Amino acid sequence: MVCVCTLPLHPSPRLTVVVAVDGMSQSDLNMLRTYWQQGGLRTLSEEAYQTQVTFPHQVYGGDETLATMLTGVTPDQHSLCMDYYYNRRDRKVYPTLKDDNYTGIGTSVPYSPQAVLTPTMSDRLRMAEGDDAAIYAIGLHPSTTIVLAGHAANACCWLQQNEEDGHWQWASTSFYHDGLPAAADEMNMNGHINELASRTWMPRMDIAMYNRPSAEERKAKGFSISQQSCLTSTPAGNTLVIELALALQEKKNLGKIDSL
């Protein structure tokens with residue numbers, strides 16, 4: 001997930017990028033450190049200031065954990081205690097951020113950040129800069145991307161598989177002022193998303209080099225995965241998030257202009 005923010009009236013920083021990487025513990029990073037290429041995580045590891053964040057409660061790594069990090073308060077204050085909830089009226093399970101007061105764009109499930117009761121990092125930025133700031137959040141999944149966007153982002157979009165034809169597309173919610181950004185709509189229309197999803201992913205390294213492979217996987221010489229069925233769990237999903245973030249930065253001139 002990526003949140004791209006611009007601060008037009010401030011000489012530094014003019015552009016802020018917040019990246020949330022899910023599923024990588026510190027031990028995982030340490031184990032893979034020797035395989036990192038120049039740039040990216042290696043640059044962050046060697047040059048960036050690092051600090052550990054501790055929580056005063058048990059965390060499980062879902063929406064609740066991200067909301068705690070981005071709001072600075074615990075679940076009893078920001079209200080997200082789980083990713084889903086059970087509705088006793090119809091005996092069905094729904095995403096915690098599902099909100100029927102809004103309309104889904106490219107998805108039949110409407111979402112909003114209204115269930116988050118405290119300001120997020122993006123909201124604080126909006127409070128400080130008003131309309132002079134531009135905030136866009138892009139991610140793989142709706143709830144986590146919406147938590148990253150907060151209440152005051154210009155737009156928020158995530159990858160969604162079409163229920164009718166199974167094609168992947170960028171989706172959003174009518175909660176945000178800009179709806180689905182033009183850059184995301186262009187990617188939906190030009191076929192690039194599904195061209196990338198149709199490719200077969202073959203890991204670059206031998207399976208034994210990856211963390212915790214099963215006994216069957218260790219015996220196999222290699223494996224490949226069709227990304228069409230699980231795009232958001234493959235490298236192609238991350239590639240699309242980066243491509244859209246860069247496209248928005250270029251089209252919106254984020255960090256390059258004095259006024260919006």
Side-chain angles (χ1 to χ4, degrees), residues 1-22 44 48 63 66-67 69-72 78 97 99 101-107 110-160 169-190 192-193 237-260:
M1 296 172 294
V2 177
C3 185
V4 185
C5 315
T6 185
L7 306 177
L9 300 184
H10 287 253
S12 178
R14 296 176 65 88
L15 184 68
T16 300
V17 180
V18 179
V19 181
V21 181
D22 185 25
L44 290 175
D63 298 345
L66 184 61
M69 293 181 66
L70 295 176
T71 62
H78 63 61
L97 297 186
D99 191 339
N101 292 316
Y102 298 91
T103 303
I105 303 174
T107 174
Y111 293 91
S112 90
Q114 296 287 56
V116 183
L117 301 183
T118 53
T120 66
M121 183 185 300
S122 297
D123 298 331
R124 295 293 184 183
L125 178 62
R126 179 69 70 198
M127 293 176 188
E129 305 299 330
D131 292 338
D132 291 328
I135 304 170
Y136 296 87
I138 308 101
L140 299 173
H141 308 289
S143 295
T144 47
T145 309
I146 288 174
V147 171
L148 189 64
H151 305 80
N154 294 69
C156 165
C157 45
W158 59 87
L159 286 168
Q160 183 81 35
Q169 61 191 13
W170 289 112
S172 187
T173 166
S174 63
F175 175 87
Y176 296 102
H177 181 269
D178 289 4
L180 187 69
D185 191 45
E186 289 177 9
M187 292 179 67
N188 285 347
M189 299 297 292
N190 63 21
H192 174 62
I193 297 177
N238 294 328
T239 297
L240 289 167
V241 169
I242 295 172
E243 288 181 351
L244 182 54
L246 292 175
L248 283 170
Q249 181 187 5
E250 179 181 357
K251 291 182 179 296
K252 299 294 183 180
N253 290 322
L254 300 181
K256 298 180 180 179
I257 55 179
D258 295 328
S259 61
L260 294 178

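Just so you know, these numbers come straight off a predicted model, no measurement behind them. These numbers come from the heavy atoms of this one structure, side chains and all, not from hydrogens, waters or symmetry mates.
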Smallest heavy-atom separation, S143 atom then L97 atom, equals O-CD1, 3.6 Å

Taking every heavy atom of I138 against every heavy atom of T145, the minimum-distance pair comes out as C-CG2, 3.7 Å

Do the non-hydrogen side-chain atoms of T107 and P142 ever get within less than 4.5 Å of each other?
no

Check your understanding: Are any side-chain N or O atoms of S172 and backbone N or O atoms of C156, one a donor and one an acceptor, separated by less than 3.5 Å?
Key -> yes

Checklist entry - If you draw a 6.0 Å radius around CD in E250, do more than 12 non-hydrogen atoms from other residues or ligands fall strictly inside? => result no

Do D63 and I146 come close enough that some side-chain heavy atom pair is under 4.5 Å?
no

By side chain to side chain contact (heavy atoms under 4.5 Å, CB included), S174 pairs with (sequence neighbours left out) Y102, T103

Between the CD1 atom in I193 and the CG atom in L159, the distance rounded to the nearest 0.5 Å is 6.0 Å

Item to complete: Answer whether the closest heavy-atom distance between the side chains of Q249 and V17 falls below 4.5 Å.
Response: no

Margin query: Given 3.5 Å as the limit, does a donor-acceptor pair link the side chain of N154 with the main chain of Y136, or not?
Written below: no

Any donor and acceptor pair, going by atom type alone, linking the side chain of D185 with main-chain N or O of A182 inside 3.5 Å?
no

dist N253:CG -> L248:CG (nearest 0.5 Å) comes out at 11.5 Å

Q. Tell me, do N188 and L180 make a side-chain contact under 4.5 Å, heavy atoms counted?
A. yes

Check your understanding: Any side-chain heavy atom of N101 sitting closer than 4.5 Å to one from S112?
Key -> no

If only atom types and distance count, is the side chain of S122 paired as donor or acceptor with the main-chain N or O of L148 below 3.5 Å?
yes

- Message: When you compare the side chain of N238 with that of L140, does any pair of heavy atoms fall below 4.5 Å?
- Response: yes

Correct closest heavy-atom pair for K251 and A183 would be CD-CB, 3.7 Å

Residues passing the ring pair (Phe, Tyr, Trp, His ring centres under 6.0 Å) test with Y111, sequence neighbours excluded, are W158

*Are any side-chain N or O atoms of Q114 and backbone N or O atoms of D99, one a donor and one an acceptor, separated by less than 3.5 Å?*
no

Taken to the nearest 0.5 Å, the spacing of D178 CG from K252 NZ works out to 5.5 Å

Note: G150 and P113 closest approach over all heavy atoms is O-CG, 3.4 Å

Value for CE (M69) from CE (M121), rounded to nearest 0.5 Å, stands at 8.0 Å

Taking every heavy atom of I105 against every heavy atom of G179, the minimum-distance pair comes out as CD1-CA, 3.9 Å

*Verify, without hydrogens or angle tests, whether R126 (side chain) and A133 (backbone) share a donor-acceptor contact under 3.5 angstrom.*
yes

- Query: With distance as the sole test, does H151 use its side chain to make a donor-acceptor pair with the main-chain N or O of V116 at under 3.5 Å?
  - Reply: yes

